[in-house]
> 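Take this structure first; my questions come after.
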Number of protein chains: 2
Amino acid sequence: MGATKTDHFTEQQNAMATLAKALGHPARIAIIDYLLKVNACICGDIVNELPLAQPTVSQHLKELKNAGIIKGEIEGNSICYCLNMDTLQKLAHYCQSIISTQQTQNNSCC
Amino acid sequence: MGATKTDHFTEQQNAMATLAKALGHPARIAIIDYLLKVNACICGDIVNELPLAQPTVSQHLKELKNAGIIKGEIEGNSICYCLNMDTLQKLAHYCQSIISTQQTQNNSCC
DNA sequence: TTTGTATATTGCAATATTACGATAAAGAAT
DNA sequence: ATTCTTTATCGTAATATTGCAATATACAAA
């Protein structure tokens, strides 16, 4: 118990859940917001922007990177982090498909 | 420690994280998929559709309901569950806004 | 009223997540 | 070479999530 039963769901369902899970923390949303705000990619100051200790931020960045939401490359002695739009497009597409699927069905019971 | 530091983030950030978190489990994605598939709302057979025990499904439904992703109303001795499109629109809108924000900035470093 | 059916709640074990201090690693600057 | 700066990793404590058996609740049907 306690472990998610990933085997029993489709690959698509697991993929979407993993993506959503990665966004499921305000610090990680804040990181995305910040990466959008600063037009540049060299983002060594994310730690200063967040109300969290450096190791915690590093961990959140790692999770976002694992989920493919951000990309990071070594740039001198700091790291160049940026959004991976391909992945974010996938999530956007999924949301959009839910909405358009629902719209084609005039489901009026609720 | 272990508790998310919600106080330190904006309401928007927390709201979006809560929403994403609710979608961050394959069973809950599967529930949404199923609610989309069956055009009708009377969904007493969700339990049979999922590879999980009834209490577990009930718990996932509760979480989706708490996040406002589904609505549920008592209907005789079963429950009428359906998607809450308003909430799903919010998430879709957030994703879309990320993409359009990024597009207006031609960020070519990565 | 009793029985059946559907969903919710409780309690608990297993596991995962969150957070951070301490420390490591690795390049930059002096 | 030593020091500084930046990011990552390790270890660990606190908390949350996942899953289910047992049980409760609530209505329907007989």
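Chain identifiers are assigned alphabetically (A, B, ...) following the order of the sequence lines, protein sequences preceding nucleic acid strands; residue numbering begins at 1 within each chain. Everything numeric in this text was worked out from a predicted model, so none of it was measured. Both backbone and side-chain heavy atoms feed into the values below; hydrogens, waters and symmetry mates do not.
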> Can you tell me the distance, in whole Å, between the CG atom of A:Asn48 and the C1' atom of D:dT6?
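About 11 Å, once rounded to whole Å.
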> With heavy atoms under 4.0 Å as the rule, sort A:Leu61 into base, sugar-phosphate or nothing.
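No contact at all - A:Leu61 keeps every heavy atom at 4.0 Å or more from the nucleic acid.
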> Between B:Gln59 (CD) and C:dA6 (C1'), how many Å, whole number?
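From B:Gln59 CD to C:dA6 C1': 18 Å.
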> Between C:dT7 atom C1' and B:Ile46 atom CD1, what is the distance in whole Å?
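Atom CD1 in B:Ile46 sits about 11 Å away from atom C1' in C:dT7.
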> Taking only the side-chain heavy atoms of A:Ile79 (C-beta and beyond), determine which of C:dC20, D:dG19, D:dA8 contains the nearest atom.
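The closest nucleotide is D:dA8.
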> Where is the tightest heavy-atom contact between B:Lys71 and B:Leu83, given as atom of each residue plus distance?
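Reported closest heavy-atom pair: CE-O, 3.9 Å.
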> Describe the nucleic acid contact of A:Thr56 in one word from base, sugar-phosphate, nothing, applying a heavy-atom distance below 4.0 Å.
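Base: the residue A:Thr56, judged by heavy atoms under 4.0 Å, touches a nucleobase.
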> At a heavy-atom distance below 4.0 Å, what parts of residues 9-29 of chain A sit against DNA chain C?
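Those residues whose heavy atoms fall under 4.0 Å from DNA chain C, taken from residues 9-29 of chain A in numerical order, are A:Lys21, A:His25, A:Arg28.
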> What is the distance, to the nearest angstrom, from the CG atom on A:Leu50 to the C1' atom on C:dA19?
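Result: 13 Å.
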> Heavy atoms only: give me the nearest B:Ala22-B:Arg28 pair and the separation to one decimal.
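Scanning both residues completely, I find the closest heavy atoms to be O-NE, 2.6 Å.
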> Using the side-chain heavy atoms of B:Lys62, tell me which of these nucleotides is nearest: C:dT9, C:dT18, D:dC20.
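Side chain of B:Lys62 sits closest to C:dT9.
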> Indicate, with a heavy-atom threshold strictly under 4.0 Å, whether A:Glu63 touches base, sugar-phosphate, or nothing.
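Here A:Glu63 touches the backbone only, sparing every base.
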> Minimum heavy-atom separation for B:Gly68 to B:Thr87, with atom names?
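Between these two residues, the closest heavy atoms are O-OG1, 2.6 Å.
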> Closest to the B:Thr4 side chain: C:dT18, D:dT9, D:dG19?
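Closest nucleotide among those given: C:dT18.
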> Whole-Å distance between D:dT6 P and A:Tyr81 OH?
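About 15 Å, once rounded to whole Å.
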> Once you round it to whole Å, what is the distance between C1' of D:dC20 and NE2 of B:His60?
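Rounding to the nearest Å, NE2 of B:His60 and C1' of D:dC20 are 11 Å apart.
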> Of B:Pro55 and A:Pro55, whose closest DNA chain D nucleotide lies nearer the 5' terminus?
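Result of the comparison: A:Pro55.
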> Please determine, for the side chain of B:Ala3, which listed nucleotide (D:dT9, D:dT7, D:dA16) has the closest atom?
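Between D:dT9, D:dT7, D:dA16, the one nearest the side chain of B:Ala3 would be D:dA16.
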> In this structure, how many angstroms lie between the C1' atom of C:dT7 and the CD atom of B:Glu49, rounded?
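After rounding, the reported distance stands at 17 Å.
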> Would you check if the side chain of A:Ser58 reaches a backbone N or O of A:Pro55 as a donor-acceptor pair within less than 3.5 Å?
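No, because the side chain of A:Ser58 does not come within donor-acceptor range (under 3.5 Å) of the backbone of A:Pro55.
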> How many angstroms lie between OG1 in A:Thr18 and CD in A:Glu11, if you round to the nearest 0.5 Å?
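Between A:Thr18 OG1 and A:Glu11 CD, I get 10.5 Å after rounding to 0.5 Å.
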> Do the ring planes of B:His25 and B:His60 sit parallel (below 30°), tilted (30 to 60°) or perpendicular (above 60°)?
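Tilted: the ring planes of B:His25 and B:His60 meet at 30° to 60°.
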> Select one nucleotide: of D:dA8, D:dG19, C:dT7, the one nearest the side-chain heavy atoms of B:Gln54.
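Out of D:dA8, D:dG19, C:dT7, the nucleotide with an atom closest to B:Gln54's side chain is C:dT7.
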> Does atom NE2 of A:His8 have more than 12 heavy-atom neighbours, drawn from other residues, nucleotides or ligands, at distances under 6.0 Å?
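Buried by this count: over 12 neighbours within 6.0 Å.
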> Which nucleotide, C:dT9, D:dG19, C:dG21, lies nearest any side-chain atom of B:Leu52?
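Nearest to the side chain of B:Leu52 among the choices is D:dG19.
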